[in-house]
**Student:** 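I have a structure I would like to understand better, so I am pasting it below and will then ask my questions one at a time.
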Amino acid sequence: MPHIWCAGCGHGIVMGCLIRAIDRVGLDKNRTVIVSGIGCSSRAPGYMDFDTLHTTHGRALAFATGVKMANPSLNVIVIAGDGDLAAIGGNHLIHAARRNIRIATVCFDNSTYGMTSGQYSPMTPTGKFASTAPYGNIDRPFDLCELAKGAGATYVARGTTYHASLTVNLIAKALEHNGFAFVDVLSQCPTYYGRRNKLGGAVEMMKWYKDNAVPVQAARQSPEPLPPGRFMIGELFTVTAPEYTDEYAGVLERARERETRA
Amino acid sequence: MVGAGGVRLMQGNEACVEGALAAGLRFFAGYPITPSTEIAELLAERLPQVGGAFIQMEDELASMGAVVGASLAGLKAMTATSGPGFSLKQENIGFAALAEVPCVIVDVQRVGPSTGMPTSPAQGDVMQARWGTHGDHPTVAFTPWSVSETFSLTVTCFNVAEELRTPVILLLDEVIGHMREKVVLPPPEAVTVVDRKKPAVPPGEGYSAYDPGDGDIPPLAAFGDGYRFHVTGLLHDRSGFPTNDPEEAAYLLNRICEKVERRRARLTMIESRDVHGADVVVVAYGCTARPASRAVRMAREAGIRAGLVRLITLWPFPREDVARLTAGARRILVPEMNLGQIVHEVESAVAGRIPVVHLGKVGGVLMTPEEIFEAVKGV
Ligand SMILES: Cc1ncc(C[n+]2csc(CCOP(=O)(O)OP(=O)(O)O)c2C)c(N)n1
């Protein structure tokens, strides 16, 4: 199938992980809606055979919230880039997390704005170069997983394109989680981010993921904090909390009771 | 009480809620803003009583997005706001227009720009309703002059949105939203309700959400019905998938605009009084049509041959009707609570044949009949 992604782009691997996770969990194709924003990553729904909604930049979670509230029996999945979810859509990310609405959200995190050819995003590390940071990026990046957790997400995980089978597991758990689930998947952009920062091609970038990812169990056992540049992968956080559409079912119940009493 | 007819004293905002529920509203997403807030507050109470969904989102961009999502999942959906929020909704209103997602946007206008005067009336969003979102797109907008008409026009908004698969805007004036008047609510069975056309074929048998077949409006399945279709804000071909083909792109833009244009006559609601033989015709709409109506009466009592045209449909602008109803006049007066918006449409409707005079008022105070009467004498 023709697609828009450059050679070596990690987004196809992330999409593959998502498809395998959907298959593993056994979601019904006819009852699954995939919603995306705008960006290279957000073109993925157009390549998948579900009800698919390619929205406006940053707003995927807002549209998805409408879908889920209108029909809570649907499986609703959001995929979008780090710029989409963390910059222009940051407000929707924290509020979807706060509500704990059952939307499995997968961030295709390539540390840059791929679609618009390599400007810095809220996930570009300090000091790295971007087309809008020719002297080096002075912004400090988010830890998106900490952000999602702090905002109220009840399942938070991180994978990479190198750790594909782990990523399938993490997304599968996100799909089964009754609440807002957030999976950050590091995805290489050799064309813009890699080239500008002399990180090599796709293979070298994925090797960097391999060398610098620390499984969460190992990181948590070690008394030392993670050295700079290294990052945790795996299931970072999970907790049970009331899910939003379940709570709304309670609202419907209470409204009906009040009606019968009146 | 849900869905009961009868005589009631209520606010315009309340009548809007009654109309929406009568038309089948089942999803509302909004963000509080004066002077529209009562609509959200009432729906927070009423929607759960009919099994519908209400949600207060984090902002207006989100509200408009949620409305589009809910409509695609099969529910009749609406949002309500005022100027600052209306500005924020524009990008996703454009999405709804291009992706052909039925929905209703209520803008209870207040003085702008910016935060303006939150509790005072203005008619400054008329052009934003038409051109607020970027690119060529269709716009349907209605504006009522009474609480009772707010009820019926809200029903119309939903019916048009569903039939045409397009966003429809209800422009309320602050004073109409907050004024209390008598309304005779029809019993539910007396309200005409239009639902979107569903696919004629079962899932798997060649349905496309963007192929209009012999008509110009494709049927719309709901997410979860099994049709598995794609919706995008990129220009798309008849399959619904993005295209860069100039012919397909032009076809789509023309189709979504023409589906409204072609129904201009049917969408036009306009009233007139004493226009035959009138020297001066006053063209007014919304709250300004009330003092205008009185001013025309005062003028006739004073021996001036004056007439009134009241616009209910603002977009598509009823230019043929305006031209016809003002054809014999020597002067046209357009009073509106802005510095000149609909007046330009009236000018272009009469194409220079008749001088058009604008009477604008800003600052948040309603026009009086006397002000308009003086202007009628002056033109
Ligand atoms: C409102 C709006 N602002 C800006 C853009 C331009 N734009 C398109 S995609 C994009 C960034 C994409 O980056 P990201 O979300 O990280 O996804 P990626 O392309 O890297 O997968 C931007 C800024 C837009 N389409 N809409």
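The chains referred to below are lettered A, B, ... by the order of the sequence lines, with proteins before strands, and numbering in each begins at 1.
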**Student:** Taking every non-hydrogen pair under 4.5 Å, which of A/Thr65, A/Thr56, A/Asn71 racks up the most with chain B?
**Tutor:**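 Maximum pair count with chain B is reached by A/Thr56.
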
**Student:** Let me know if B/Phe54 has heavy atoms under 4.5 Å from chain A in its side chain, its backbone, both or neither.
**Tutor:**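 Both parts, backbone and side chain.
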
**Student:** So does B/Arg238 get a backbone contact from the side chain of B/Ser208, meaning a donor-acceptor N/O pair under 3.5 Å?
**Tutor:**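 A pair under 3.5 Å: yes.
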
**Student:** Let me know if A/Lys29 has heavy atoms under 4.5 Å from chain B in its side chain, its backbone, both or neither.
**Tutor:**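 Interface part for A/Lys29: both.
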
**Student:** Answer with side chain, backbone, both or neither: which region of B/Phe223 has an atom nearer than 4.5 Å to a non-hydrogen atom of chain A?
**Tutor:**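 For B/Phe223, the contact with chain A is made by backbone and side chain together.
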
**Student:** Are the charged groups of B/Asp225 and B/Lys198 less than 4.0 angstrom apart, N to O?
**Tutor:**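 B/Lys198 and B/Asp225: salt-bridged.
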
**Student:** So which of B/Gly51, B/Pro48, B/Ala29 has the largest heavy-atom pair count under 4.5 angstrom toward chain A?
**Tutor:**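 Ranked by contacts with chain A, first place is B/Pro48.
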
**Student:** Is it true that the NZ or CZ of A/Arg102 lies under 6.0 Å from the centre of A/Tyr248's six-membered ring and within 45 degrees of the ring axis?
**Tutor:**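 No - A/Arg102 does not lie over the ring of A/Tyr248 by the 6.0 Å and 45° rule.
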
**Student:** Is the ring pair A/Trp5/A/Tyr47 parallel, tilted or perpendicular, if the boundaries are 30 and 60 degrees?
**Tutor:**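 Plane angle over 60°, so perpendicular.
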
**Student:** Between the side chains of B/Glu100 and B/Arg255, is the shortest nitrogen-to-carboxylate-oxygen separation below 4.0 Å, so that they form an ion pair?
**Tutor:**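 Yes.
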
**Student:** Between A/Leu74 and chain B, which part of the residue has a heavy atom less than 4.5 Å away: side chain, backbone, both or neither?
**Tutor:**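 Just its side chain gets close to chain B.
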
**Student:** Can you tell which part of B/Phe229 gets under 4.5 Å to a heavy atom of chain A, answering side chain, backbone, both or neither?
**Tutor:**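 Contact with chain A: backbone and side chain both.
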
**Student:** Checking heavy atoms, do the side chain of B/Pro203, its backbone, both or neither come under 4.5 Å from chain A?
**Tutor:**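 It is neither, since no heavy atom gets under 4.5 Å.
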
**Student:** At a heavy-atom distance under 4.5 Å, which candidate from A/His57, A/His92, A/Arg256, A/Arg98 has the highest pair count against chain B?
**Tutor:**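 Looking at each of A/His57, A/His92, A/Arg256, A/Arg98 in turn, A/His92 comes out on top.
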
**Student:** Please identify, among B/Glu91, B/Met64, B/Glu58, the residue contributing the most non-hydrogen atom pairs under 4.5 Å to chain A.
**Tutor:**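 Max contact count across the listed options: B/Glu58.
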
**Student:** Heavy-atom distances under 4.5 Å only: say whether A/Arg99 touches chain B with side chain, backbone, both or neither.
**Tutor:**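 A/Arg99 touches chain B through side-chain heavy atoms alone.
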
**Student:** Do you know which of A/Asp49, A/Asp28, A/Asp51 makes salt bridge (Lys or Arg N to Asp or Glu O under 4.0 Å) with B/Arg228?
**Tutor:**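 With B/Arg228 as partner, salt bridge (Lys or Arg N to Asp or Glu O under 4.0 Å) holds for just one option, A/Asp49.
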
**Student:** Quick one: which of A/Val33, A/Val251, A/Asn91 has the most heavy-atom pairs under 4.5 Å with chain B, could you say?
**Tutor:**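 Highest number of pairs under 4.5 Å: A/Asn91.
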
**Student:** Quick one: does B/Thr37's side chain have a donor or acceptor within less than 3.5 Å of a partner on B/Pro32's backbone?
**Tutor:**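 Side chain of B/Thr37 to backbone of B/Pro32, a donor-acceptor pair under 3.5 Å: no, none is there.
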
**Student:** Please test A/Arg158 against A/Asp143 for salt bridge (charged side-chain N to carboxylate O under 4.0 Å, His left out), starting from the C-alpha separation and ending with a verdict.
**Tutor:** CA-CA 11 Å; A/Arg158 186 184 290 117; A/Asp143 181 329; 3.1 Å; yes

